[in-house]
Amino acid sequence: MRADLLKFFIAFFIVLLIDQAIKWLFLHGFAYQGSWFDLKLVYNKGVAFSWFAFLGEYLKIIQTALVFLIFGYLLGQKQMLARFKIELGIILGAGVSNVIDRYIHTGVVDYFYWHKGFSFAVFNFADVMINLGIAFIILRLIFKK
């Protein structure tokens, strides 16, 4: 169990630190305007696609509680944590990074805006990592040994 927790926390902190480092660049003026996508600083006061922005300050409290509940649940689900330690570390590290933004900034720091062919929501590295972590879990469940 100790090795599983160690791997979980390594994945957790790697994703959290990379995400916060990228966001630091945008908070300090980095930007790019391209023909397919823009890299620009945007504060998202909601969750995906700005949903639940109406919750205001309560959203960060709800998300903080959810992170603690999920982590507590995982500690009790030793088999799940052992099987998906890296994926869950990635997902929770990314989630915590976005929650940290809510406490430090006016919302989650987003910056990647795809606009070639269709206009898509502005998102960040943590959002991508959450989706990849979930996708890896699903793939492992589909193709389990």
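These numbers come from the heavy atoms of this one structure, side chains and all, not from hydrogens, waters or symmetry mates. Keep in mind it's a predicted model, so treat the numbers as computed, not measured.
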Quick one: are [X] and [Y] in side-chain contact, heavy atoms under 4.5 Å?
X      : Y     : result
Met80  : Leu88 : yes
Tyr113 : Val42 : no
Leu81  : Leu5  : yes
Phe30  : Ile22 : no
Ile61  : Thr64 : no
Leu92  : Leu74 : yes

If you compare all heavy atoms of [X] against all heavy atoms of [Y], which two are closest, and at what distance to 0.1 Å?
X      : Y      : value
Ile90  : Met129 : CG2-O, 3.4 Å
Asn98  : Ala126 : OD1-CB, 3.6 Å
His105 : Tyr43  : CB-CE2, 3.7 Å
Val122 : Tyr111 : CG1-N, 3.5 Å
Ser35  : His115 : O-CE1, 3.3 Å
Lys45  : Leu59  : O-CD2, 3.5 Å

Roughly how far apart are [X] [atom1] and [Y] [atom2], rounded to 0.5 Å?
X      : Y     : atom1 : atom2 : value
Ile104 : Gln20 : CD1   : CD    : 6.0 Å
Phe12  : Ile86 : CZ    : CD1   : 13.5 Å
Gln33  : Leu39 : CD    : CG    : 10.5 Å
Leu41  : Lys23 : CG    : NZ    : 11.0 Å

Following the transitive rule for hydrophobic clusters with a side-chain heavy-atom cut-off under 4.5 Å over Ile, Leu, Val, Met, Phe, Trp and Tyr, establish whether [X] and [Y] coincide in one cluster.
X      : Y      : value
Leu139 : Leu141 : yes
Val108 : Trp114 : no
Leu55  : Leu69  : no

* To do: Run the ring-centre check on Phe136 versus Phe84 and record whether the distance is less than 6.0 Å.
  => no

Is the number of heavy atoms from other residues, nucleotides or ligands within 6.0 Å of [atom1] ([X]) greater than 12?
X     : atom1 : result
Phe26 : CZ    : yes
Tyr73 : OH    : no
Phe68 : CZ    : no

Any donor-acceptor pair under 3.5 Å from [X] side chain to [Y] backbone:
X      : Y      : result
Asn131 : Val128 : no
Arg140 : Arg83  : yes
Asn124 : Val109 : yes

* To do: I would like to know whether Tyr103 and Val99 meet side-chain contact (heavy atoms from CB on, under 4.5 Å); could you show each step before the answer?
  => CA-CA 7 Å; Tyr103 284 94; Val99 172; 3.7 Å; yes

* To do: Just say parallel, tilted or perpendicular for the rings of Phe112 and Phe123, cut-offs at 30° and 60°.
  => tilted

* To do: Report yes or no: do Asp101 and Asn44 form a side-chain donor-acceptor pair below 3.5 Å?
  => no

* **Test log, rule side-chain contact (heavy atoms from CB on, under 4.5 Å), inputs Leu16 and Ile100** => CA-CA 10 Å; Leu16 186 139; Ile100 288 170; 3.9 Å; yes

